[in-house]
*Asks:* 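Pasting a structure here, questions to come.
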4 protein chains.
Amino acid sequence: MSETTERRVRQAAIELFATRGFHGTGIRDLAEAAGLSSATLYHYMGTKEDLLASIMRVSLERVLDNAARLLADVTSPVERIARLIALHVMTHAEQKLETRVVDGEIRALSESRRPEIVALRDQYEDLWQDAIDTGCREGLLRTSAPRVARLALLEMCSGISHWYSADGPLKLDDLAAHYIEMALGALGANCSIESVHSVVIDVQAVTRAP
Amino acid sequence: MSETTERRVRQAAIELFATRGFHGTGIRDLAEAAGLSSATLYHYMGTKEDLLASIMRVSLERVLDNAARLLADVTSPVERIARLIALHVMTHAEQKLETRVVDGEIRALSESRRPEIVALRDQYEDLWQDAIDTGCREGLLRTSAPRVARLALLEMCSGISHWYSADGPLKLDDLAAHYIEMALGALGANCSIESVHSVVIDVQAVTRAP
Amino acid sequence: MSETTERRVRQAAIELFATRGFHGTGIRDLAEAAGLSSATLYHYMGTKEDLLASIMRVSLERVLDNAARLLADVTSPVERIARLIALHVMTHAEQKLETRVVDGEIRALSESRRPEIVALRDQYEDLWQDAIDTGCREGLLRTSAPRVARLALLEMCSGISHWYSADGPLKLDDLAAHYIEMALGALGANCSIESVHSVVIDVQAVTRAP
Amino acid sequence: MSETTERRVRQAAIELFATRGFHGTGIRDLAEAAGLSSATLYHYMGTKEDLLASIMRVSLERVLDNAARLLADVTSPVERIARLIALHVMTHAEQKLETRVVDGEIRALSESRRPEIVALRDQYEDLWQDAIDTGCREGLLRTSAPRVARLALLEMCSGISHWYSADGPLKLDDLAAHYIEMALGALGANCSIESVHSVVIDVQAVTRAP
DNA sequence: AATGAATGAGAGTTCATTCAT
DNA sequence: TATGAATGAACTCTCATTCAT
């Protein structure tokens, strides 16, 4: 099974699922975008839903892996949040199509498929929740409803996938720094991170590691 | 043409489009949810896309109207932002299904239909942008990228439509206040709104007016 | 739902399933034979398999009903067998296509559908077995393996559905009489049925009753 | 071309065609059952239909050959019939899958392929017809419609392929004897075959000869 | 106001088969 | 000998929509 053709199929699916939605994407659209006949498509995937689930799984597992590496040995909850924000923003900017699929098409999964993906997503969001809760407990953050804060910040940071462009006026590291500042401001942290930018650089190191 | 039947159709559409997406909703699903045959459906709507566009238009025009009434005579940019946030949050909580359709299904509109709706949405978002820009100009807000701030805050506040429940532990007015605080924190405003709650009350008054 | 159109669909299905087999019959063949588009077909049936199962169920229930009426008040096992044979032969001649479907396409049913139909078939075949067993017990029949006899006779009589033609040289009542003689001969019964033909006439009366 | 692999393919085809039917069997099912890829399959067969026709041809030629050897030098029509019955029953029991394919899938052959196979089958059935006709002419059999008798008996004896099991309570030679008795009974022959069992033994000798 | 009947187009998926390697 | 890759055609079934009643 040609590795590169499979990648082409996945890439085509990511692009189409992201822009037209899963249900808005026909198998023939997919085939055309991948430069294959619709029958050949089925050499490289199971069902259309299999393909969707696989895209989601890979994406979520990658971000979970990156998060684990970024948070290892970091104890300060504010620093942990900052890193999560930077990772999230940069992931949602650099894989904007993929993340839109992950964030937006979970409802398209069948009842039997959904739990696996939702579990991965929850596992990731728990990292956020834990960091926020700890920060509150230690008096470093001020928010009256930590759960709401998590939801609000996740949505805020995910949104970048809807408009980010590498050609835009702001460099991605500046954007990430900006989001860190906004988020910490929203959480009532006195933004005393020595260097917001050093966080961004650490994230870049991890996400570009082999 | 029975007024209430039409409302039932629209309500069914809002529910299904919100939960399954436009392309994920069949005309037969719609008919069943409205308690009609699929043929009868066409007495109360044009095409499926007409119905979607109409739902969006009505929703956007309502929020624009509410915003206009809320901002009339309010000059303080911080107060204006606070009011927009409260309106947005409360609208996205109380009409969570409808707003999910408006926010999430624009891509399902055909090229010819989209501009009208996008124009309404842009008109609404411009209110936010203007308030933020003014606040920055007057030194009341501190944000290095006002456009990014607008996008981030809109996403953050819209997100409530994905999880809000009237049965939840937080009352909506508390939630709105919380969002105002988070947003102003993100914008670097010293949250010197005398009474965040009075804003919320004003919004409630306007959105419940005839 | 037009009664006659539905009948046309069923009749087309019976003809095609009988001559080409269930898997050899496409939904488009079916539609064409019924004079409908393939989409319209689905107004008159569920799935293709639903249609098959329904055809089988109706056919088996009809023959069970006829058998019950024919055997009521008949105690002589030889007479019972004779009646079952006549009914079977005449049914397999007059509904030769339908019976070929019932006899030959059970394997095409899905695992979940098959039990219901098989149960009906078994119920019918039990009537044969009971009559044969009783005849043996009472010394009226001579066969060393009653179960084998039942299987052999059923196959023998069912076969008529593969070649019977109303235009053939033998009238159906003569054929039925012939089969009764062969079967009773095979069972070692001295064919002392006073009048084989009276049995045939009784069967005709029952199968043509409302 | 590995002899044994080809045999595996044929055996897989026989099993699947017999249990699911020709049209119900996919080329991939076939490949899987034979332990090959579907492409490799085509080294060992022509088209799917070629394979079916070949299976039928081989089977029919074998039974014709066996019949010829069994009937050589046998002049008594009753003895000839008995031998044909025993051969038929034993063949349909020992090659139950193969014979089900031959008997049941002729309709799956294309118009151009069918005549050849039908000719072989007719050649075989003519042996039966001739024996029955001769028996009638010589007054040894009593049947009013010899053609019907042939059809009925063939069906009766073929049926064994649908239920025979080597593990069943009856040994095959007893079964064959039973069928001979039933058939001769049906034909009105006073079953004065000195030894039905000697017929069975002769058949076994012939069918197991090289 | 309401619907059964109808349909062309298209959905996702599998078909039998070929061919370069 | 064996197979991954490929495909046009076909599969069953659903789509959004129309129309006569």
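In what follows, chains are A, B, ... by sequence order, proteins preceding strands, each numbered from 1. Computed from heavy atoms alone, side chains included, the values below leave out hydrogens, waters and symmetry copies.
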*Asks:* Could you verify whether a donor N or O on one side chain and an acceptor N or O on the other, from C:S59 and C:Q95, lie under 3.5 Å apart?
*Replies:* no
*Asks:* Let me spell it out: for each of D:S38 and C:S38, pick the nucleotide of DNA chain F with the closest heavy atom. Which residue's pick is nearer the 5' end?
*Replies:* D:S38
*Asks:* Just to confirm, is there a sub-4.0 Å distance from OP1 or OP2 of E:dA2 to any side-chain nitrogen or oxygen of B:T40?
*Replies:* no
*Asks:* DNA chain E: A:I27 or D:H23, which has the more 5' nearest nucleotide?
*Replies:* A:I27
*Asks:* Quick one: look up who F:dA20 pairs with, Watson-Crick or G-U, both distances under 3.5 Å, and put none if it's unpaired.
*Replies:* E:dT3
*Asks:* Roughly, in whole Å, what's the span from CD in A:E32 to P in E:dG12?
*Replies:* 14 Å
*Asks:* Starting at the 5' end of DNA chain E, which residue's closest nucleotide do you reach first, D:E49 or A:T25?
*Replies:* A:T25
*Asks:* With a 3.5 Å limit on both atom pairs, tell me what F:dC15 is paired to, counting Watson-Crick and G-U wobble, or say none.
*Replies:* E:dG8
*Asks:* With side chain to side chain contact (heavy atoms under 4.5 Å, CB included) as the test, would you mind laying out the steps for C:Y44 and C:R10 before giving the verdict?
*Replies:* CA-CA 9 Å; C:Y44 297 96; C:R10 295 178 74 90; over 6 Å; no
*Asks:* OP1, OP2 of E:dA2 versus side-chain N and O of B:Y44: anything below 4.0 Å?
*Replies:* yes
*Asks:* For a side chain to side chain contact (heavy atoms under 4.5 Å, CB included) check, start with the C-alpha distance between A:I106 and A:R114, then their side-chain angles and the critical distance, and finish with the verdict.
*Replies:* CA-CA 7 Å; A:I106 284 187; A:R114 210 176 302 138; 3.7 Å; yes
*Asks:* Checking C:R8 against C:S2: is there a side-chain donor and acceptor pair closer than 3.5 Å?
*Replies:* no
*Asks:* For A:D29 and E:dA9, what is the distance between atoms CG and C1' respectively, to the nearest whole Å?
*Replies:* 14 Å
*Asks:* Grab the CD-P distance between C:E6 and E:dA6 for me, whole Å please.
*Replies:* 12 Å
*Asks:* More than 12 non-hydrogen atoms from neighbouring residues, nucleotides or ligands closer than 6.0 Å to CZ on D:R57, yes or no?
*Replies:* yes
*Asks:* Please determine, for the side chain of A:T5, which listed nucleotide (E:dG8, F:dA6, F:dT18) has the closest atom?
*Replies:* F:dA6
*Asks:* Separation of D:L16 atom CG from E:dC15 atom C1', in whole Å?
*Replies:* 16 Å
*Asks:* Which nucleotide sits closest to the side chain of A:A39: F:dG8, E:dT13, F:dC13?
*Replies:* F:dG8
*Asks:* Considering only E:dA16, F:dG4, F:dT14, which nucleotide approaches the side chain of C:Y42 most closely?
*Replies:* F:dT14
*Asks:* Looking at the side chain of D:T47, which of E:dT7, F:dG8, E:dT17 is the nearest nucleotide?
*Replies:* E:dT17
*Asks:* Taking CG from C:L41 and C1' from E:dG4, how many angstroms apart are they, rounded to a whole number?
*Replies:* 16 Å
*Asks:* Within this structure, what is the CG-to-P distance between A:L51 and E:dG12, rounded to whole angstrom?
*Replies:* 12 Å
*Asks:* As a test of reading the structure: which of F:dT3, E:dA5, F:dC15 is closest to the side chain of D:L36, going by heavy atoms?
*Replies:* F:dT3
*Asks:* Please pick, from E:dT17, E:dG8, F:dT3, the nucleotide with the shortest atom-to-atom distance to any side-chain atom of D:K48.
*Replies:* E:dT17
*Asks:* Where each residue is assigned the nucleotide of DNA chain F containing its nearest heavy atom, which of B:G46 and C:F22 is assigned the position nearer the 5′ end?
*Replies:* C:F22
*Asks:* Would you mind reading off the distance between B:H43 atom NE2 and F:dT18 atom C1', rounded to a whole angstrom?
*Replies:* 11 Å
*Asks:* Just by distance, with hydrogens left out, do D:S158 and D:R100 show a side-chain donor and acceptor under 3.5 Å apart?
*Replies:* no
*Asks:* Counting only side-chain heavy atoms from C-beta out, which of E:dG10, E:dA6, E:dT3 sits nearest to C:R28?
*Replies:* E:dG10
*Asks:* Nearest-Å distance, CG (B:D50) to C1' (F:dT18)?
*Replies:* 15 Å
